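Given the structure is predicted, the values throughout are model-derived calculations rather than measurements. By convention in this document, chain letters (A, B, ...) are assigned in the order of the sequence lines, proteins followed by strands, and residues within each chain are numbered from 1.
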Amino acid sequence: MIKIQKKDFNLENEIKKIKEKHSDIGALNIFTGYVRDFNNSKDVEYINLEVYKEMAVNELSKIKNKAIEDWGLIDCLIIHRFGKLYVNDKIVLVACFSSHRNNSFEACKYIMDYLKKDAPFWKKEYYNNGSNWLENSN
Amino acid sequence: MIKIQKKDFNLENEIKKIKEKHSDIGALNIFTGYVRDFNNSKDVEYINLEVYKEMAVNELSKIKNKAIEDWGLIDCLIIHRFGKLYVNDKIVLVACFSSHRNNSFEACKYIMDYLKKDAPFWKKEYYNNGSNWLENSN
Amino acid sequence: MKIKYFAWIKEITHKDFEIIHNNHPKDISELKGILKKSYPDLEKYFSKDILRFAINLEYISDNQDLSSTDEIAIFPPVSGG
Amino acid sequence: MKIKYFAWIKEITHKDFEIIHNNHPKDISELKGILKKSYPDLEKYFSKDILRFAINLEYISDNQDLSSTDEIAIFPPVSGG
């Protein structure tokens, strides 16, 4: 499932909703990204996250489906927030459910790498005196 | 922090307690293991997880400290349950908090690998007609 | 034909999107020419080849023909996650 | 000296632990000898070298001297996580 949303999410609730559908899940790997207080040698106050929503759903679905197929995942959840996010706020969640642990780790890493590379989101960081568009390195 | 406990844990609450102490966390990788419904070609009803508690705390602390040092983690949480656990129950949580994502992934993988190899826990699986002690493969 | 702008491209075009009703460009290459004329500040980014194009939600890498119903997006390197 | 048993070792010894008050074994090798005599079913596992020993919560790999205050643990391959 892909969710592009403004609002925060609760890890336990999001995971539980999926886990309770599959009793064959033995392993879950989750990645969560947060807004950090300090970046580019500056104190961050907040970020504004812009998204090309229809295309983000499209790209993340492709990445997710590839991961499910390549690592035989039982299920997979990607949540990405947009809008104004403050320091300590969650930005992204990727959760890969599988029978055994290595597949969940590798699939989650794969999804994050491609999300960072191809998902159409843009972060603008705001400091106490200025702002800056960020760019993911490869 | 290391917790060896019988009771279940809430992912959101456990993570939040640590996250709110550190505004420099940008990345979190979590592994969670569950009791699966089917293993060794048999339907599992429940497992009994035995632990050598004092030594488990000792071993997990060493593994955790090595991971914190080698990957510069900001914080790290390991929870391992013991006692009678049913299908779908959580067994273990490893959460690695860092500035950037690769360190959180690698440290979490490292901890799980060593936990599986060295942490003194033993699972006995109970089926509708019999039971079996498990052994982690390397 | 709809052209969508994102992130700091919007700060150059001063709009989120625009619609080209008549005489739309026949391919991406021609579209670039039109955009460079309308927004001279875009030229250096085109020449440095750092912008990405998507047609109807799919990335394109080479030049490609366009039709009047296409939604074209132009954006800088992404920074999600 | 306290000897602790875990998992299926307990199903052979029929106890969680035992205390050796007098004439305790001077090293792991001597302890193995005593255990083999008390619990003949353990012998095949010792000879297959699949059991692990810990002294005072630390794994040991080689033979090691023991003192009267030591807590020794004997256990099969672990299966946590």
Side-chain angles (χ1 to χ4, degrees), chain A residues 8-16 18-39 43-45 47 74 86-113 115-116 123 134 136-137, chain B residues 8-16 18-39 43-45 47 74 86-113 115-116 123 134 136-137:
Chain A
D8 192 19
F9 49 86
N10 179 295
L11 283 172
E12 178 68 25
N13 296 349
E14 296 293 342
I15 294 305
K16 193 177 174 182
I18 295 180
K19 176 61 190 84
E20 66 191 11
K21 288 192 280 184
H22 312 280
S23 293
D24 53 344
I25 290 169
L28 163 63
N29 190 261
I30 300 173
F31 179 84
T32 304
Y34 296 95
V35 181
R36 294 167 63 213
D37 58 359
F38 194 76
N39 200 22
D43 287 321
V44 176
E45 294 190 337
I47 67 170
I74 294 166
Y86 289 87
V87 170
N88 295 320
D89 279 354
K90 301 187 196 95
I91 301 171
V92 65
L93 171 82
V94 174
C96 294
F97 300 80
S98 61
S99 298
H100 301 290
R101 79 182 185 286
N102 282 345
N103 286 7
S104 68
F105 271 104
E106 289 172 16
C108 193
K109 178 86 165 57
Y110 169 87
I111 291 173
M112 276 309 301
D113 287 350
L115 185 157
K116 286 264 182 188
K123 279 179 195 147
L134 302 185
N136 286 342
S137 48
Chain B
D8 191 19
F9 49 86
N10 178 297
L11 282 173
E12 179 67 24
N13 297 349
E14 296 292 343
I15 294 305
K16 193 177 173 181
I18 295 180
K19 176 61 190 82
E20 64 192 10
K21 289 192 280 184
H22 312 281
S23 293
D24 53 344
I25 291 169
L28 162 63
N29 191 261
I30 301 172
F31 179 83
T32 305
Y34 296 94
V35 182
R36 294 167 64 213
D37 58 359
F38 194 76
N39 199 23
D43 287 320
V44 177
E45 293 188 340
I47 67 170
I74 295 166
Y86 289 88
V87 170
N88 295 320
D89 280 353
K90 300 187 196 95
I91 300 170
V92 65
L93 171 81
V94 174
C96 294
F97 301 79
S98 61
S99 299
H100 301 290
R101 77 183 187 285
N102 282 346
N103 286 7
S104 68
F105 271 103
E106 289 172 17
C108 194
K109 178 87 165 55
Y110 169 87
I111 291 173
M112 277 309 301
D113 288 349
L115 185 157
K116 287 262 181 188
K123 280 180 195 147
L134 301 185
N136 286 341
S137 48

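For the pair A:Lys19/B:Tyr34, a side-chain contact is recorded, criterion being any heavy-atom separation below 4.5 Å from C-beta on.
Of the residues considered (B:Ser23, B:Ser99, B:Ala27), B:Ser23 shows the highest number of contacts with chain A, using heavy-atom pairs under 4.5 Å. When each of A:Asn88, A:Ile91, A:Asn102 is checked for heavy-atom pairs under 4.5 Å with chain B, A:Asn88 comes out on top. Taking A:Val87, A:Asp24, A:Val94, A:Val92 one by one and counting their heavy-atom pairs under 4.5 Å with chain B, the maximum is reached by A:Asp24.
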Does B:Arg101 form a side chain to side chain contact (heavy atoms under 4.5 Å, CB included) with A:Asp113? I'd like the steps, not just the answer.
CA-CA 10 Å; B:Arg101 77 183 187 285; A:Asp113 287 350; 2.8 Å; yes
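A:Asn103 contributes no side-chain N or O that, together with a main-chain N or O of A:His100, makes up a donor-acceptor pair within less than 3.5 Å.
Between the CD1 atom in A:Ile30 and the CG atom in B:Leu28 there is a gap of 8.0 Å [rounded to 0.5 Å]. Put simply, CG on A:Asn29 and CZ on A:Phe105 are 5.0 Å apart, with the number rounded to the nearest 0.5 Å.
Residue A:Ser104 touches chain B through its side chain alone, counting heavy-atom pairs closer than 4.5 Å. In this structure, chain B has no heavy atom under 4.5 Å from any part of A:Phe38. Heavy-atom distances place both the backbone and the side chain of A:Cys108 under 4.5 Å from chain B. With a 4.5 angstrom heavy-atom cutoff, A:Lys90 touches chain B only via side-chain atoms.
Evaluated for a side-chain contact (heavy atoms from CB on, under 4.5 Å) with B:Asn13, the options B:Asn10, B:Leu11, B:Ile15 yield exactly one hit, B:Asn10.
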